[in-house]
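Structure record follows, encoded as structure tokens.
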2 protein chains.
Amino acid sequence: MKTELDAARDLSAQIAGAIRDAIVAGQLIVDERLPSESELADKFGVSRPTVREALKRLAAQSLIRTQRGASGGAFVNRLRYEEAYGQQITTSTLLLSMNAVSFETACEARYALERACAPLAAQRRSADHLAAMRAEIHRQGQPGLSDESFCASDVAFHRALVDAAENPVLSYHLAGAVEAMQPLMNMITFTARDRTEIIARHGALADALEARDAAAAEAALQALCAYTIRLGRDVAAKRTRRTQEA
Amino acid sequence: MKTELDAARDLSAQIAGAIRDAIVAGQLIVDERLPSESELADKFGVSRPTVREALKRLAAQSLIRTQRGASGGAFVNRLRYEEAYGQQITTSTLLLSMNAVSFETACEARYALERACAPLAAQRRSADHLAAMRAEIHRQGQPGLSDESFCASDVAFHRALVDAAENPVLSYHLAGAVEAMQPLMNMITFTARDRTEIIARHGALADALEARDAAAAEAALQALCAYTIRLGRDVAAKRTRRTQEA
DNA sequence: AGAAATCATTTGTCAGACATTTAAATGTAT
DNA sequence: ATACATTTAAATGTCTGACAAATGATTTCT
């Protein structure tokens with residue numbers, strides 16, 4: 001039934017797959033202890049190092065955690081949003097850098113996704129969310145702020161927007177999209193005028209949420225998207241010109 | 001600088017982290033070969049099994065691939081969308097099941113995200129995308145279709161919608177959201193009337209895309225979302241009633 | 001009874017060996 | 001000289017056995 005597919009894979013990959021399937025299928029529930037490495041080795045007919053490699057694969061995906069000592073072992077891990085965020089961000093970042101995704105494509109995706117949050121955020125935003133956004137806007141206006149810090153604050157601002165939608169599933173999916181943009185954004189040099197423009201848009205967005213005006217929020221995001229893509233185009237154009245000169 | 005954080009982790013986790021950082025930072029480029037396991041063992045001052053565990057961790061995240069034989073070894077893997085999809089879907093599915101996310105929350109997130117695709121899909125949809133959607137609609141209308149197949153077709157329909165936006169980054173982020181809903185959807189029993197209703201909405205959505213009418217597409221999605229959440233509520237209500245009876 | 005010491009279990013790590021795969025080098029025959 | 005077969009070397013895959021370290025349970029001593 002499975003030998004055709006499995007034959008091509010390492011034993012540790014097969015074992016990891018079998019255990020993962022059991023977890024996904026709910027045969028192993030959260031916090032349940034797996035058999036010890038020796039027992040697993042016997043069960044699968046392999047040596048302990050092979051079992052360990054399989055377990056490390058699962059640990060890398062946060063599917064299990066291990067504990068040493070008596071009554072230790074490998075336990076099915078409750079996948080928390082915070083852990084999933086990290087992996088999601090790493091994967092998204094690498095996807096962008098390794099596949100030479102254009103700034104425009106990534107930017108379009110990011111703002112499209114944020115736009116999805118706008119109506120919910122307008123409806124549910126708390127005073128805390130608004131305060132967080134205003135704080136970042138203030139930060140972005142401070143003189144002497146490095147481009148990198150400006151980008152970091154931009155990310156924090158947008159994450160506050162996403163969190164304002166009060167939907168953890170949405171926050172999870174957007175974490176990657178928002179954070180993965182940061183390396184791309186860091187390639188942009190923001191002039192004082194650029195910053196003023198962006199800060200104004202952020203202000204408009206915060207105002208819209210405060211007024212619970214979904215349409216205005218979407219419009220602000222749309223404008224922000226267009227402006228950011230324009231900035232990206234300028235950078236690309238400058239680089240092309242420089243390359244041609246050289 | 002790092003010893004405080006590293007001290008708590010296994011050697012294999014530290015080594016995997018070091019290599020991962022090098023990949024993310026671009027110090028190791030795609031298709032570049034890592035030193036052999038023996039060389040890595042020397043370099044990090046650990047044994048080969050420990051290095052292997054570290055490499056398996058990275059392999060589990062598709063960051064590297066290994067090849068046997070002469071001139072084999074571990075190579076930095078180009079993270080492809082297809083591979084990333086799979087991990088994304090597994091993670092999303094587990095996040096939903098392990099954190100007892102309500103059907104409503106997941107559904108809301110999914111449709112909010114799809115709504116983000118609607119304007120782009122309306123603008124860029126090709127004849128192929130439309131054909132794929134129509135085909136799934138036709139499939140959904142066939143008598144004798146199991147609930148499971150109906151759900152699978154629903155997923156295929158929505159993925160066609162997402163792909164119609166012609167933005168791979170968007171497709172990637174939505175893959176998890178759409179696919180992870182399937183197990184939750186499978187818990188619903190669709191009556192003939194439910195199906196008729198859903199198929200009508202799907203038809204309206206396809207019509208809107210064909211007419212390149214973004215607003216109509218968003219409206220259709222909104223309606224579909226509301227209807228699906230209602231179905232979920234009914235199921236939950238029935239289950240509660242049954243539990244109380246018992 | 002309470003604290004200390006011991007024990008048993010389990011993961012973490014190491015060393016060395018052999019099996020298997022694969023590409024390159026070598027040799028051979030046409 | 002080219003084409004094919006053979007050998008070789010390098011690398012990963014796997015196994016065995018061992019010891020270290022952590023940790024909860026047990027026993028012992030006060």
Side-chain angles (χ1 to χ4, degrees), chain A residues 2-20 23 28 30-78, chain B residues 2-20 23 28 30-78:
Chain A
K2 56 172 183 175
T3 38
E4 307 95 50
L5 279 165
D6 280 9
R9 293 194 300 166
D10 297 340
L11 285 175
S12 67
Q14 292 176 41
I15 294 168
I19 298 176
R20 176 172 43 243
I23 294 175
L28 293 169
V30 168
D31 292 335
E32 184 171 340
R33 183 180 174 283
L34 272 64
S36 72
E37 295 175 351
S38 308
E39 288 172 313
L40 287 172
D42 287 347
K43 185 171 162 186
F44 287 105
V46 299
S47 66
R48 196 159 80 94
T50 302
V51 166
R52 282 182 61 80
E53 288 178 7
L55 294 180
K56 295 311 164 198
R57 294 179 113 109
L58 299 174
Q61 297 171 292
S62 303
L63 292 182
I64 62 168
R65 63 177 184 280
T66 54
Q67 210 170 354
R68 283 168 73 157
S71 76
F75 298 83
V76 178
N77 195 32
R78 155 159 279 128
Chain B
K2 56 172 182 174
T3 39
E4 306 96 50
L5 279 165
D6 281 8
R9 293 195 298 167
D10 297 343
L11 285 177
S12 67
Q14 292 175 40
I15 293 168
I19 298 176
R20 175 171 45 242
I23 294 175
L28 293 169
V30 168
D31 291 337
E32 184 171 340
R33 184 180 173 282
L34 272 64
S36 73
E37 294 175 351
S38 308
E39 288 171 316
L40 287 172
D42 287 348
K43 184 172 162 186
F44 287 104
V46 299
S47 66
R48 195 158 84 92
T50 302
V51 166
R52 282 182 60 80
E53 288 178 7
L55 293 180
K56 295 311 166 198
R57 296 179 112 109
L58 299 174
Q61 296 172 293
S62 303
L63 292 182
I64 61 169
R65 63 177 185 279
T66 54
Q67 210 170 356
R68 282 168 74 157
S71 76
F75 298 84
V76 177
N77 196 31
R78 154 159 279 127

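Chain letters run A, B, ... following the sequence lines, proteins first, then strands; residues in each count from 1.
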I need the CZ-P distance between R52(B) and dA19(C), as an integer number of Å. 17 Å
Here the distance between atom P of dA21(D) and atom CZ of R9(B), to the nearest Å, is 21 Å
According to a strict under-4.0 Å criterion, is S71(A) in side-chain N/O contact with OP1 or OP2 of dG24(D)? no
Base, sugar-phosphate, or nothing: which does R65(B) touch, judged by heavy atoms less than 4.0 Å apart? nothing
Roughly how many Å is it from CG in L40(B) to P in dT12(D), rounded to a whole number? 8 Å
In whole angstroms, the gap separating P of dA15(C) from CD of E37(B) amounts to 15 Å
Would the base of dG13(D) count as contacting R48(B) through its side chain, where contact means a donor and an acceptor less than 3.5 Å apart? yes
Of G72(B) and L11(A), the one whose nearest nucleotide on DNA chain D sits closer to the 5' end is G72(B)
With distance as the sole test, does Q61(A) use its side chain to make a donor-acceptor pair with the main-chain N or O of Q61(B) at under 3.5 Å? no
Quick one: F75(A) CZ to dT23(D) C1', roughly how many Å, whole number? 12 Å
Hey, which sits more toward the 5' end of DNA chain C by its nearest nucleotide, K56(A) or A70(A)? A70(A)
Minimum-distance nucleotide (side-chain atoms of P49(B) versus dT11(C), dA15(C), dA11(D)): dA15(C)
Counting only side-chain N and O atoms of T50(B), is one of them less than 4.0 Å from OP1 or OP2 of dC14(C)? yes
Among R52(A), K56(A), R57(A), which residue meets the side chain to side chain donor-acceptor pair (under 3.5 Å) test with E53(B)? R52(A)
Side-chain N,O (T66(A)) to OP1/OP2 (dG12(C)) below 4.0 Å: yes
Could you check how far CZ of R33(A) sits from P of dT9(C), rounded to whole Å? 12 Å
Residue pair V76(A) / L63(A), side-chain heavy-atom distance below 4.5 Å: no
Electrostatic pair R68(A):D10(B) at N-O distance under 4.0 angstrom: no
Are any side-chain N or O atoms of N77(B) and backbone N or O atoms of R65(B), one a donor and one an acceptor, separated by less than 3.5 Å? no
In this structure, how many angstroms lie between the C1' atom of dG13(D) and the CD atom of Q67(B), rounded? 14 Å
Please evaluate the base of dT23(D) for a donor-acceptor partner in the side chain of R68(A) within a cut-off of under 3.5 Å? no
If I take atom CD in residue E53(B) and atom P in nucleotide dT14(D), what distance separates them, rounded to the nearest angstrom? 13 Å
